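Below: one structure, written as structure tokens.
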Amino acid sequence: MAYWLLKSEADTWSWDQQKQEGRKGAEWGGVRNFQARNNMRAMNKGDFGFFYHTGDEKRIVGIVKVVKEAHPESTDPTGQWECVDVTAVGDLPRPVTLAQIKATPALKSMVLVRNSRLSVQPVTESEWRKVCAMGGLADPP
DNA sequence: GCCAACGTTGGC
DNA sequence: GCCAACGTTGGC
């Protein structure tokens, strides 16, 4: 079991849109970066991830689960890029902001802090538990 | 709106 | 294969 963090601009693909896709989920498309693609290739079905809104919000708002492993992106005419399918698991009761994360010593080495530009990131198990606790999730996946 | 950090491109 | 120039991302 591995943990991840997926970033999106709310204008482009929001948490509400993700939730509307229901159990079947949707492609996590539009990734045009090799490191991010490699991270998606490393994902296994059943892995969990944080859903992070960039831009004005800059906070983790929900939990997603990988329902389909890396495959060519259906909307990419070149066929060069891949995506995974993810489904919304649930809201974080209390969204965790980037400012909170930066202010938390235990989260200092999160990729989100160290390399804010990477759009698909690995999250360690201890980071996962810490953020879930801060977000008010009593029983994290 | 600015700019730092990072990735990609293309000339050599 | 190096590196300067350029484009993009995302926080401030």
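Remember, it's a predicted structure, so these values are computed and weren't measured experimentally. Note on naming: letters A, B, ... go to the chains in the order of the sequence lines (proteins, then strands), and numbering restarts at 1 for each one.
- By the 30° and 60° cut-offs, the orientation of the rings of F48(A) relative to Y3(A) is parallel.
- Here dG10(C) presents its P atom at 14 Å from CD of E57(A), a figure rounded to the nearest Å.
- For the pair Y52(A) OH and dG10(C) C1', the interatomic distance rounds to 8 Å; values are reported in whole Å.
- The nucleotide whose nearest atom lies closest to any side-chain atom of R117(A) is, among dG10(C), dA5(B), dG11(C), dA5(B).
- Side-chain polar atoms of W4(A) and N39(A) form no donor-acceptor pair below 3.5 angstrom.
- Taking the side chain of L98(A) as heavy atoms from C-beta on, and the options dG10(C), dC12(C), dC6(B), the nearest nucleotide is dC12(C).
- Distance, R114(A) CZ to dT9(C) C1': 18 Å, rounded to whole Å.
- The distance from atom CD of Q121(A) to atom P of dG7(B) is 12 Å, rounded to the nearest whole Å.
- The distance between atom CH2 of W13(A) and atom P of dT9(C), rounded to the nearest whole Å, is 19 Å.
- For the pair D56(A) CG and dG1(B) P, the interatomic distance rounds to 13 Å; values are reported in whole Å.
- You'll find the side chain of L5(A) reaches within 4.5 Å of the side chain of L112(A), heavy atoms only.
- Going from atom NZ of K7(A) over to atom C1' of dC6(B) covers 11 Å, rounded to whole Å.
- Between F51(A) and W13(A), the distance separating the two ring centers is not shorter than 6.0 angstrom.
- In the region residues 30-38 of chain A, proximity to DNA chain B at under 4.0 angstrom, judged on heavy atoms, holds for N33(A), F34(A), Q35(A).
- Here the shortest heavy-atom pairing between I63(A) and W15(A) reads O-CH2, 3.4 Å.
- Residue K58(A) places none of its side-chain N or O atoms closer than 4.0 Å to OP1 or OP2 of dG10(C).
- Between V120(A) and M43(A), the closest side-chain pair of non-hydrogen atoms falls below 4.5 Å.
- Ring orientation note: the planes of W81(A) and F34(A) are tilted relative to one another, at an angle of 30° to 60°.
- Computed from coordinates, the L118(A) CG to dT8(B) P distance equals 11 Å when rounded to whole Å.
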